[in-house]
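See structure below.
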4 protein chains.
Amino acid sequence: MDKAERKEREFNLRRAEILEQAGKIFAAKGFHNTTVADIAGSSGFAVGTLYQFFESKEQLYTVMLTEKLNMMYARIRESVATEADAIRKIERLVASQFRFVEENAEFCSIFIRGDHLSLSEGSAALRKQMVSDYAVHVSFTEGVLREGICAGVLKEMDPQMMAAALTGIINSCASKWLAMMGGASLMSNIPFVIDIFLEGVRKNAQ
Amino acid sequence: MDKAERKEREFNLRRAEILEQAGKIFAAKGFHNTTVADIAGSSGFAVGTLYQFFESKEQLYTVMLTEKLNMMYARIRESVATEADAIRKIERLVASQFRFVEENAEFCSIFIRGDHLSLSEGSAALRKQMVSDYAVHVSFTEGVLREGICAGVLKEMDPQMMAAALTGIINSCASKWLAMMGGASLMSNIPFVIDIFLEGVRKNAQ
Amino acid sequence: MDKAERKEREFNLRRAEILEQAGKIFAAKGFHNTTVADIAGSSGFAVGTLYQFFESKEQLYTVMLTEKLNMMYARIRESVATEADAIRKIERLVASQFRFVEENAEFCSIFIRGDHLSLSEGSAALRKQMVSDYAVHVSFTEGVLREGICAGVLKEMDPQMMAAALTGIINSCASKWLAMMGGASLMSNIPFVIDIFLEGVRKNAQ
Amino acid sequence: MDKAERKEREFNLRRAEILEQAGKIFAAKGFHNTTVADIAGSSGFAVGTLYQFFESKEQLYTVMLTEKLNMMYARIRESVATEADAIRKIERLVASQFRFVEENAEFCSIFIRGDHLSLSEGSAALRKQMVSDYAVHVSFTEGVLREGICAGVLKEMDPQMMAAALTGIINSCASKWLAMMGGASLMSNIPFVIDIFLEGVRKNAQ
DNA sequence: GATGAATGAGGCTTCATTCAT
DNA sequence: TATGAATGAAGCCTCATTCAT
């Protein structure tokens, strides 16, 4: 019988709903200013019910963060993978990140607020996982840039440094957009980001 | 008599000592995981005494943040002001920011942990002040870049965007350095930052 | 049809299984540190199912206690009844109690831990039952001793006091054995208990 | 100045008051059915205040138990020490224990209820201390009996067994008295206890 | 002015019990 | 009838803030 299957689907739906609401509230108020009762209330469950899905407030927070981030990482990798040209890969990198930010503005504002990582010592394992996931993503970005160097279209610079610069520009634009939260689409900044990153801002002497 | 004067000097010394210690502890443990007793203990005062210098834990936190940041902003402006050449001004901007990070690594790690701004609604005024101070600093950066444009050495791009990119690169490098906290001096990255920002990473066709 | 009969037998088997497991867990962890889920888990039933056999956790606990104790009381009475001699009756009293302790060590350790009776006010009736059962048992012991007095083999003391002393010696030995849980059989202490109770510890002057 | 001294005296007074009240409530309702708020309320302090005197509810409980018990042990030892005759030492042992029970009836009923030892695993150290204190007391009792044997007034039996019997008789009488809580003084039972313990209950054949 | 003990609201978590399936 | 997910009351403990000394 597929009763178990339905059960599991139900379970995942509820879990997702909790994560969804938790994401919104954590983003709005920060980890410490959000109470478990807040999340229970807005996700339509009783407090005790949350503890059938997550071990603790911290675990709920970290799972929410980790799952969303991994979704973003996956999308970026996927988007970049379907492109062969090195320069276009960089464009895809920027574009997919910007798209994620636009589609998950609420969630992303957590990183502006930045209470990620101010967790207690208790959840060291969870934190390590996040740091490690991030490291993998950075490596991926470096890899893309390294390809560009090998292909002869990028300068022979330290790819770690290039990755840091690219990441910085992307994050800075995203933060700016999130802070203002109005006006033009973030995607419209892509050409600008690519242009600065590739060509710099100095006016070429004639 | 200058008794009042001595009093005030004493007062300011104590206050500074508290801010100093508070900065260290907040940086190490985050805002919410730091107790007022922690700060009292390590600054050598009684808990009650702190409340004669600061209205609340939040105010103490925000004042500490604001004063340090304004010190940084001031240094940057000062350093940039003594230079006439537009390109060199940008260098000074980067250099003075990097120097501040190196000299205040502990404090700056607050921004990686990022609990700045996860304050309660109560201290809206204090928060506004910080946001406003930051806006002034961004304007200043834009101003420097605008000068470069006017002087004809920078491309005629939106200075807001250029400022965002420059800020992003600087912050990203600083974060990377703070996260690793070892190896080469952050200052040694200046040429790289300037190079990427001005010239980009694309290899010039021969 | 005897369907109803089978039903009832089934019902009693399940009930007994639950009581059996509950006894083990309560003995091991105490009343308050044992959860209904613990008992459900180890008896192979769902939590909800337990509530078809017992009204509440407290009732389950008390029923378990009462049934076991009544079994013990019954065995003691039975064993004593088949003996005519007053002194031998006392021996049987001690022996059957010791045998029960040896055969139900886990259960009996509840009384060392002693959470019996730390029940809430809610179950006053259940508690009264236990106290009353115990009173009956004490009366029985007194009766045995009274017989000894009437038969002229025991001193003419208050049988209540004598019963208290005998009970105290028995319990103390049993507790000691349960606490150490190793070495010699508890039964091997019978002659000693009888000897002290009957003859005392003072050395007879020559 | 003796300000610190006064402070400490005050501290100890408050601490004692809390222990006093806690003893009453724990005795009346048991460990698990007593809330920290109960104790705070009846001792006239705020909940938080209790935590300046004791680390946790469990520690408060164990300290209360340990201090009272050690007081009892000390009194018994003291009372016995001032007597030379072996038989009289035993009398003193019984008498001082009975006196303590009479004077601390409320407290002692904890041991009838018996939630001592049903503490969580957390306070293993505290529990060990209690068990160890009890072992010392048992050794002391054995020692007294051993002296009697050496002096030739007690039979040459295993002193451990004799101690168990004596302890059992004492506890049983005390429990009986506590359970009824009325009527004659517990002390009036001393001659009886001594008589049974020394001479037994068998009627001497003429 | 300085102190630090007292306060008590509020947070996280547990678990006996219910009830829809 | 059996199930076990959902419930939410209640408990322990923390800590920013106050105030009597």
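In this text, all values refer to a predicted model and were calculated from it rather than measured experimentally. In the text below, chain A, chain B and the rest are named by the order of the sequence lines, each starting its count at 1.
- Among the heavy atoms of the strands, none lies under 4.0 Å from F11(C).
- Among the heavy atoms of the strands lying under 4.0 Å from R14(A) are primed sugar atoms or P, OP1, OP2 only; no base atom is included.
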#### Entry: Annotated protein contacts, base or backbone, on nucleotides 15-21 of chain F with a non-hydrogen cut-off under 4.0 Å, one of B, S, - each
BSBB---
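- When rounded to the nearest whole Å, the span between NZ of K29(A) and P of dG10(E) equals 13 Å.
- Residue I18(C) contributes atom CD1, which lies 12 Å from atom C1' of dA2(F) at whole-angstrom precision.
- Each of G44(C) and G44(A) was matched to the nucleotide of DNA chain F holding its nearest heavy atom; the match closer to the 5' end belongs to G44(C).
- Base pairing annotation: dT17(E) forms a Watson-Crick or G-U wobble pair with dA6(F), both donor-acceptor distances under 3.5 Å.
- Ring centroids of F11(A) and F53(A) are separated by less than 6.0 Å, placing the two rings close together.
- Distance CZ (R6(A)) to C1' (dG4(F)): 16 Å, rounded to an integer number of Å.
- For the side chain to side chain donor-acceptor pair (under 3.5 Å) test, residues two or more places apart in sequence or in another chain that qualify with T35(A) are D38(A).
- Distance CZ (F54(A)) to C1' (dA6(F)): 16 Å, rounded to an integer number of Å.
- Annotation for V47(C) and Y51(C): closest pair O-CD1, 3.5 Å, computed over non-hydrogen atoms.
- Screening E67(A), E20(A), E10(A) for a salt bridge (charged side-chain N to carboxylate O under 4.0 Å, His left out) involving R15(A) leaves a single residue, E67(A).
- Per the geometry, CD1 belonging to I25(C) stands 15 Å off C1' belonging to dC15(E), to the nearest Å.
- A distance of 8.0 Å separates CZ of F26(C) from CD1 of I110(C), quoted to the nearest 0.5 Å.
- Proximity of T34(A) to I39(A): side-chain heavy atoms (C-beta onward) are separated by under 4.5 Å at one or more points.
- With DNA chain E read from its 5' end, the first of the two nearest nucleotides for L50(D) and F53(B) is the one closest to F53(B).
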